[in-house]
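These numbers were taken from a predicted model, which means no experiment stands behind them.
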Amino acid sequence: MLGTRVDAEAKRTARGLAGLATHARPVERTAALRQAAVAAGELVAALSALAPAVAGEALPAESTSQSFFRVREGELSDQQAALHGVLVVHRGLEDLCEAPLSGADLALEAAGMRQSVLDLTGAAPGAEPDSLPPPAVPEPAAGASLESVWSARWLIGHQVHVLFNVCAAVAVADATRHLRHGDGDAALLRLADATVYVRGFPAAMTHASTVPADYYMAAIRHTMAPPSVDVPLSGRQHRGYKLFRAAMKDLLSVVPDSYEQLAARAPELAEVRGALLEADIVDGERHVTLAYSMVHLHRSIAQKPEGPDNAVAELRHMRHRRAARYASLIRFGDHYVADAVAGLRHS
């Protein structure tokens, strides 16, 4: 634990995030977002009182992607990790006050933010202490230009996505360790936590993409390819996502059973594992549709000119490979695609 004040502020932030999905009216939703953003700011202040944030720009970037999205890696204490994670949540919430995100995606992103606050601070979910006064919500200040807001949103949404990737990787790794040690109950809890993050993956990416497609094509896309950067930006450069994919591979090496086999001996584990894998497939599916809405039938900036596919087709292939790999592991597997992929491998 990081102290009484941090625990109280973490619980308040978590409660505010948990309540976001209950506000159907836009005015109520915006007010709830501002309240949650203020609570996250108070949590940042409580964590900063223990030790200041690490100067990220002073750390070397390990890829072009890290440099572009202002993400760094380094050894952090528990307090520093919590502070930097909550800073991402705080910036994300402040931007969500204006971002035209759907209610469904807002609920998924808020759930991921809530889980990250609990995981990073070690706070147990529960009511905040009555002795803590509610934070005052200031009136929104005069906004910056729309273009600067859209450019910042592209970075902020991606940083939330990175946070979810890393937290999901840790949750899956924890679950796998518990399974190896025979602690099934602890594994179920961490797999459920991981599913919250994975469901938040496409919500965070949609948050980043709530900018006009024309603006993205004209003002943002070219900044992620030469000559603006040394090499074209690609999802393959995102170390947090690679950590998550490696954690998923390790999990399935420990529980490789088909859905039917696992359900026969451990029905709860079969359902929880299935929920995580379904969320992973849906993440791939939504990446396809999101790319189409932003770039239509253009090639990916990371694709070679002689390649046969465009960005959407390549992402669709990734979705199909993932669905084929999971077909026997989930209750409603995509066996049509699994059979087709198997046929291609043997042709």
statement: What one should report as the nearest heavy-atom pair of Ala291 and Leu315 is CB-CD1, 3.4 Å

Output side-chain donor-acceptor pairs under 3.5 Å for residues 221-231, partner residues at least two apart or in another chain, one line each.
unit_1, atom_1, unit_2, atom_2, d
Arg221, NH2, Arg299, O, 2.3
Thr223, OG1, Ile220, O, 2.5
Ser228, OG, His222, O, 3.3

Give the table of side-chain donor-acceptor pairs shorter than 3.5 Å for residues 194-204, with sequence neighbours excluded, one pair per line with atom names and distance.
unit_1, atom_1, unit_2, atom_2, d
Thr195, OG1, Leu191, O, 2.9
Tyr197, OH, Gln115, O, 3.1
Tyr197, OH, Ser116, N, 3.2
Tyr197, OH, Asp119, OD2, 2.7

Nearest-0.5 Å distance, CZ of residue Arg322 to NE2 of residue His317: 14.5 Å

Student check: side-chain heavy atoms of Leu87 and Leu83 closer than 4.5 Å: yes

- prompt: So does Asp78 have more than 12 non-hydrogen atoms from other groups sitting under 6.0 Å from CG?
  reply: no

message: Taking the side chain as everything from C-beta on, heavy atoms only, tell me whether Val254 gets closer than 4.5 Å to Leu252.
response: no

Neighbour count above 12 (heavy atom, 6.0 Å) for Arg177 CZ: yes

- prompt: Excluding sequence neighbours, so at least two apart, what forms side-chain hydrogen bond (donor to acceptor under 3.5 Å, both in side chains) with Ser151?
  reply: Tyr215

message: Looking at every heavy atom in both Val295 and Met217, which two are closest together, and how far apart are they?
response: CG1-SD, 4.0 Å

task: Examine Tyr216 together with Trp154 and report whether their ring centres are nearer than 6.0 Å.
output: yes

message: Less than 4.5 Å apart, side chain to side chain, heavy atoms only: is that true for Arg114 and Leu118?
response: yes

query: Going hydrophobic residue to hydrophobic residue with side-chain gaps under 4.5 angstrom, can you get from Val337 over to Val288?
result: no

query: Hey, what's the ring geometry for His296 with Tyr292, parallel, tilted or perpendicular (30° and 60° as the breaks)?
result: perpendicular

message: For a side chain to side chain contact (heavy atoms under 4.5 Å, CB included) check, start with the C-alpha distance between Ser102 and Asp105, then their side-chain angles and the critical distance, and finish with the verdict.
response: CA-CA 5 Å; Ser102 74; Asp105 276 331; 3.5 Å; yes

query: Which pair of non-hydrogen atoms, one from Ala45 and one from Arg5, has the smallest distance, and what is that distance?
result: CB-NH2, 4.0 Å

field: Where Ala46 and Glu9 come nearest, the two heavy atoms and their spacing
entry: CB-CG, 4.2 Å

message: Let's go through Glu94 and Cys97 carefully: what are the C-alpha distance in whole Å and the side-chain angles of both, what is the deciding distance for side chain to side chain contact (heavy atoms under 4.5 Å, CB included) to 0.1 Å, and is it a yes or a no?
response: CA-CA 5 Å; Glu94 288 191 318; Cys97 290; 5.5 Å; no

task: Measure across Leu59 and Arg72 and return the closest heavy-atom pair with its distance rounded to 0.1 Å.
output: O-NE, 2.8 Å

field: From His320 atom NE2 to Ile281 atom CD1, the distance as rounded to the nearest 0.5 Å
entry: 11.5 Å

Return all side-chain donor-acceptor pairs below 3.5 angstrom for residues 323-333, not counting sequence neighbours, or 'none' if the list is empty.
unit_1, atom_1, unit_2, atom_2, d
Tyr326, OH, Arg245, NH2, 3.2
Tyr326, OH, Asp280, OD2, 2.6

field: Criterion side-chain contact (heavy atoms from CB on, under 4.5 Å) against Val88, the qualifying member of Leu163, Val71, Leu93
entry: Leu163

message: So Phe244 and Val166, do their side chains get closer than 4.5 Å, heavy atoms only?
response: no

statement: Sorted by chain and number, sequence neighbours left out, side-chain hydrogen bond (donor to acceptor under 3.5 Å, both in side chains) with Glu285 holds for Arg319

- prompt: Can you check whether Val54's main-chain N or O pairs, donor with acceptor, with His84's side chain at less than 3.5 Å?
  reply: yes

- prompt: From Leu233 CG over to Ser63 OG, what is the distance, rounded to the nearest 0.5 angstrom?
  reply: 7.5 Å

field: Val160 with Leu120, same ILVMFWY side-chain cluster at under 4.5 Å
entry: yes

- request: I would like to know whether Leu276 and Val172 meet side chain to side chain contact (heavy atoms under 4.5 Å, CB included); could you show each step before the answer?
  value: CA-CA 10 Å; Leu276 174 60; Val172 173; 4.2 Å; yes

field: same_hphob_cluster(Leu108, Val162) at 4.5 Å side-chain heavy-atom cutoff
entry: no

task: Count the heavy atoms belonging to other residues, nucleotides or ligands that lie under 6.0 Å from CZ of Arg70, then report whether that count exceeds 12.
output: no

Distance in Å, Thr176 OG1 paired with Leu251 CG, rounded so as to fall on 0.5 Å steps: 4.0 Å

Check: Asp250 and Arg180 side chains under 4.5 Å, non-hydrogen atoms: yes

- request: Say whether, by atom type as modelled, one donor and one acceptor occur between the side chain of Glu314 and the main chain of Asn310 under 3.5 angstrom.
  value: no

task: Verify, without hydrogens or angle tests, whether Gln159 (side chain) and Phe69 (backbone) share a donor-acceptor contact under 3.5 angstrom.
output: yes

- prompt: Do you know which of Val117, Val44, Thr121 makes side-chain contact (heavy atoms from CB on, under 4.5 Å) with Thr13?
  reply: Val117

task: Find out whether Asp95 and His207 are in side-chain contact, i.e. whether some heavy atom of one side chain is under 4.5 Å from a heavy atom of the other.
output: yes

message: Is it the case that atom CD in Glu147 sees more than 12 heavy atoms from other parts of the structure closer than 6.0 Å?
response: yes

- prompt: Does Arg239 come within less than 4.0 Å of Glu73, counting only side-chain N to carboxylate O?
  reply: yes

statement: Nearest heavy-atom contact between His238 and Ser65 is CE1-OG, 2.8 Å

- request: Begin from the C-alpha positions of Leu179 and Leu269 and carry the test side chain to side chain contact (heavy atoms under 4.5 Å, CB included) through to its verdict.
  value: CA-CA 10 Å; Leu179 287 170; Leu269 180 57; 4.0 Å; yes

- prompt: Are any of the side-chain heavy atoms of Arg265 and Leu262 separated by less than 4.5 Å?
  reply: yes

- prompt: Under the 3.5 angstrom rule, does the side chain of Glu109 hit a backbone N or O of Leu106 as a donor-acceptor pair?
  reply: no

task: Report the residues that fulfil side-chain hydrogen bond (donor to acceptor under 3.5 Å, both in side chains) with His178, sequence neighbours left out, ordered by chain and then residue number.
output: none

task: Apply side chain to side chain donor-acceptor pair (under 3.5 Å) to the pair Ser67 and Thr64, showing each step before the final yes or no.
output: CA-CA 5 Å; Ser67 178; Thr64 304; over 6 Å; no

- prompt: Hey, does the side chain of Arg153 reach the backbone of Val211 with a donor-acceptor pair shorter than 3.5 angstrom?
  reply: no

